[in-house]
Amino acid sequence: MELLTAKRVRSFSSFRREKVAEMIRAIFASSSSSVDLSKMFHALANDVVLGAAFGKSFREEERHLQTKLHTAMDETRILMSNFFFTDYSPEQLSWVFDGLIGRYARLKKTWAKIDSFLEKIIQEHLDRRNPEQEDFVNVMLRLNRDRHLTREEVKGLFMNILIGGTDTSTAVLEWAMTELMKNPAAMAKAQRELRTVVRGKHQVEEDNLPCFEFLNAVIKETMQLYPQAPLLIPRETTHPIDIAGYEIPPKTTVFVNAFAVGRDLEIWPDPEEFVPERFEKSPVDYRGRDFGLIPFGAGRRGCPGIDFGMTTLQLALANLLYCFDWELLEGMSMEELDSDESYGIVVKRKNPLRLVPGRAQIPPPMNAVPGIRVPLS
């Protein structure tokens with residue numbers, strides 16, 4: 001209610017616009033050579049989350065700090081996906097095993113890097129008396145005074161935001177572009193819709209997003225085929241329950257297989273095919289009301305960052321398709337564009353997505369020179 005309301009998400013619109021414009025400018029500056037979209041999506045998601053959470057836009061001389069933080073967060077995601085004896089065996093024994101193979105040392109080293117960054121950010125906010133805009137740190141520090149949250153609890157919430165808000169958006173953008181490249185008719189239809197609605201402006205704005213029915217259908221179809229977290233977030237039963245004749249006792253860990261739901265023949269015809277048209281004129285949404293499409297979970301424990309994440313990825317995908325006619329690498333056939341998946345809590349592409357930005361359909365964004373800011377007014 002404090003961090004992710006629709007009003008607060010809208011308050012970061014100028015920052016999102018600037019970061020998406022930076023990505024588009026970087027692509028224009030590539031002189032039509034291939035670009036690593038996976039890397040760009042990851043940087044965009046990280047920058048948007050950092051900007052909203054910490055009010056932090058790294059200056060050129062601070063880029064090394066940004067790189068260190070990104071590296072530490074990547075290491076955190078790897079550790080979260082690893083097997084730890086501590087989770088499944090008596091504590092005294094598990095500490096020996098996890099300690100011997102060096103996992104505790106990796107945990108401590110990685111957390112030390114992130115903790116020092118969070119301490120620095122929090123102290124900067126404490127020293128800043130009158131912030132221009134209230135970001136997540138300002139909100140959490142206010143709650144800290146009102147509700148007596150500890151510094152460790154505040155840092156834990158920031159970790160949730162950093163982990164949950166970056167890889168998920170990156171994965172959807174990667175898979176959406178992959179499937180659109182494999183389905184040229186869908187790509188052309190999405191671009192036709194965008195260029196008809198926006199009509200020659202320099203970039204797509206957030207106010208335009210509700211007008212793109214087919215683009216939103218593409219995103220829904222992508223999340224149906226490639227849910228960001230295929231097993232969602234683990235849950236735990238609070239009381240005995242009977243499911244299809246199976247008695248589930250209390251305190252049982254439950255995994256919901258969103259990947260299997262999206263490929264259920266009883267719900268989706270041709271579930272393995274990329275058919276965005278199935279979501280045109282369809283009331284099915286991704287907010288947890290329709291259990292056939294649950295990339296964000298459902299109910300009170302569903303993902304609270306739906307609006308924040310969806311606005312960023314919609315704006316990014318819309319501008320990528322609006323500004324460029326994308327092509328495969330020279331000599332690559334459609335069959336050679338792989339869909340191999342990486343291992344982890346969030347399933348992204350195993351190999352980076354490299355594409356060639358073809359002839360732009362519109363003039364480049366304002367001040368389309370790297371290093372020059374796009375006017376926000």
Side-chain angles (χ1 to χ4, degrees), residues 19-49 63 66-67 70-71 73-75 77-78 166-191 194 203-204 215 218-219 221-223 225-228 230 274 276 309 312-344 346-362 364-365 368-371:
K19 289 303 175 184
V20 171
E22 284 181 8
M23 179 179 71
I24 298 300
R25 288 202 305 270
I27 297 173
F28 270 111
S30 68
S31 302
S32 296
S33 61
S34 68
V35 293
D36 185 342
L37 286 178
S38 296
K39 185 177 180 179
M40 287 190 167
F41 295 157
H42 188 61
L44 172 68
N46 272 300
D47 286 347
V48 170
V49 170
R63 289 295 177 183
Q66 184 183 31
T67 301
H70 288 179
T71 302
M73 295 305 299
D74 289 341
E75 176 72 0
R77 295 182 185 100
I78 292 171
T166 52
D167 271 8
T168 49
S169 297
T170 302
V172 176
L173 287 169
E174 281 185 333
W175 292 120
M177 286 299 296
T178 299
E179 287 297 332
L180 286 171
M181 291 303 297
K182 290 184 173 184
N183 295 271
M187 172 80 83
K189 186 173 180 178
Q191 290 176 320
L194 286 160
Q203 71 183 84
V204 181
L215 180 76
V218 166
I219 293 174
E221 179 72 353
T222 302
M223 293 191 296
L225 276 172
Y226 306 98
Q228 304 95 298
F274 184 76
T312 301
L313 72 89
Q314 285 173 325
L315 187 64
L317 184 61
N319 277 284
L320 286 167
L321 299 182
Y322 177 64
C323 295
F324 304 100
D325 283 336
W326 292 93
E327 302 169 3
L328 296 174
L329 300 179
E330 186 176 356
M332 176 184 283
S333 67
M334 200 72 70
E335 293 73 24
E336 292 175 308
L337 180 60
D338 70 273
S339 296
D340 296 340
E341 300 171 345
S342 65
Y343 168 81
V346 175
V347 176
K348 300 190 295 184
R349 285 180 53 89
K350 181 179 179 180
N351 303 308
L353 178 62
R354 298 194 67 92
L355 298 174
V356 177
R359 179 175 60 88
Q361 296 300 302
I362 58 166
V369 178

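- Using a 4.5 Å heavy-atom cutoff, the side chains of Val218 and Phe274 are in contact.
- Residues that satisfy the side-chain hydrogen bond (donor to acceptor under 3.5 Å, both in side chains) test with Lys350, not counting sequence neighbours, are absent from this structure.
- How far CG of Leu315 is from CD of Gln203: 7.0 Å, rounded to the nearest 0.5 Å.
- Partners of Val347 under the side-chain contact (heavy atoms from CB on, under 4.5 Å) rule, at least two apart in sequence or in another chain, are Pro230, Glu341.
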### Task
Using the side-chain contact (heavy atoms from CB on, under 4.5 Å) rule, take Gln228 and Asp167 through it: C-alpha gap first, then chi angles, then the decisive distance, then the call.
CA-CA 8 Å; Gln228 304 95 298; Asp167 271 8; over 6 Å; no
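- Not a single salt bridge (Lys or Arg N to Asp or Glu O under 4.0 Å) links Glu179 to another residue, sequence neighbours left out.
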### Message
For Leu44 and Glu22: C-alpha separation, side-chain torsions, deciding distance, then whether side-chain contact (heavy atoms from CB on, under 4.5 Å) applies.
### Response
CA-CA 9 Å; Leu44 172 68; Glu22 284 181 8; over 6 Å; no
### Message
Is there a side-chain hydrogen bond (donor to acceptor under 3.5 Å, both in side chains) between Thr312 and Lys19? Walk through the geometry before answering.
### Response
CA-CA 10 Å; Thr312 301; Lys19 289 303 175 184; over 6 Å; no
### Task
In sequence, state the C-alpha distance, the side-chain angles, and the governing distance for Lys348 and Val346, and then conclude on side-chain contact (heavy atoms from CB on, under 4.5 Å).
CA-CA 6 Å; Lys348 300 190 295 184; Val346 175; 4.2 Å; yes
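- Between the side chain of Asn319 and the backbone N or O of Val204 there is at least one donor-acceptor pair closer than 3.5 Å.
- Side chain to side chain, Arg349 and Thr178 meet the donor-acceptor criterion of an N or O pair below 3.5 Å.
- Counting non-hydrogen atoms of neighbouring residues, nucleotides and ligands closer than 6.0 angstrom, the CD atom of Glu330 reaches no more than 12 such neighbours.
- Every residue two or more places apart in sequence or in another chain was checked for a ring-ring contact (aromatic ring centres under 6.0 Å, His included) with Phe41, and none qualifies.
- With sequence neighbours left out, the side-chain contact (heavy atoms from CB on, under 4.5 Å) criterion links Thr166 to Ala45, Asn46, Val49, Arg77.
- Distance check: Met187 CE to Trp326 CH2 gives 8.5 Å after rounding to the nearest 0.5 Å.
- Remark: the backbone N or O of Val356 is not paired with any side-chain donor or acceptor of Glu327 at under 3.5 angstrom.
- Remark: Arg354 pairs with Ser34 by the side-chain hydrogen bond (donor to acceptor under 3.5 Å, both in side chains) rule, at least two apart or across chains.
- Listed here is the closest heavy atom pair of Met23 and Ala316: CE-CB, 4.2 Å.
- Here the OG1-CG distance, from Thr168 to Leu313, works out to 8.5 Å after rounding to the nearest 0.5 Å.
- Nearest heavy-atom pair across Leu321 and Leu194 is CB-CD1, 3.5 Å.
- Applying the side-chain hydrogen bond (donor to acceptor under 3.5 Å, both in side chains) test to Asp36 and every residue at least two apart in sequence or in another chain returns nothing.
- Using a 4.5 Å heavy-atom threshold, the side chains of Val172 and Leu317 count as separate.
- Taking OG of Ser342 as the start and CD of Glu174 as the end, the distance is 7.5 Å to the nearest 0.5 Å.
- Listed by chain and residue number, nothing satisfies the side-chain hydrogen bond (donor to acceptor under 3.5 Å, both in side chains) test with Thr222 (two or more places apart in sequence, or in another chain).
- The closest side-chain heavy-atom distance from Met40 to Ile27 is below 4.5 Å.
- The aromatic rings of Phe324 and Phe28 sit tilted relative to each other, their planes meeting at an angle between 30° and 60°.
- Side chain of Trp175 to main chain of Ser339: no donor-acceptor pair is present (N/O by atom type, distance under 3.5 Å, no hydrogens or angles).
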### Task
List the steps, then state whether side-chain contact (heavy atoms from CB on, under 4.5 Å) holds for Glu336 with Leu329.
CA-CA 10 Å; Glu336 292 175 308; Leu329 300 179; over 6 Å; no
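- Of all non-hydrogen atoms in Pro357 and Ser33, the two that sit nearest each other are CD-O, 3.3 Å.
- A distance of 12.5 Å separates CG of Leu215 from NZ of Lys189, quoted to the nearest 0.5 Å.
- Considering only residues two or more places apart in sequence or on other chains, Leu328 meets the side-chain contact (heavy atoms from CB on, under 4.5 Å) condition with Met181, Met332, Met334, Leu337, Leu355.
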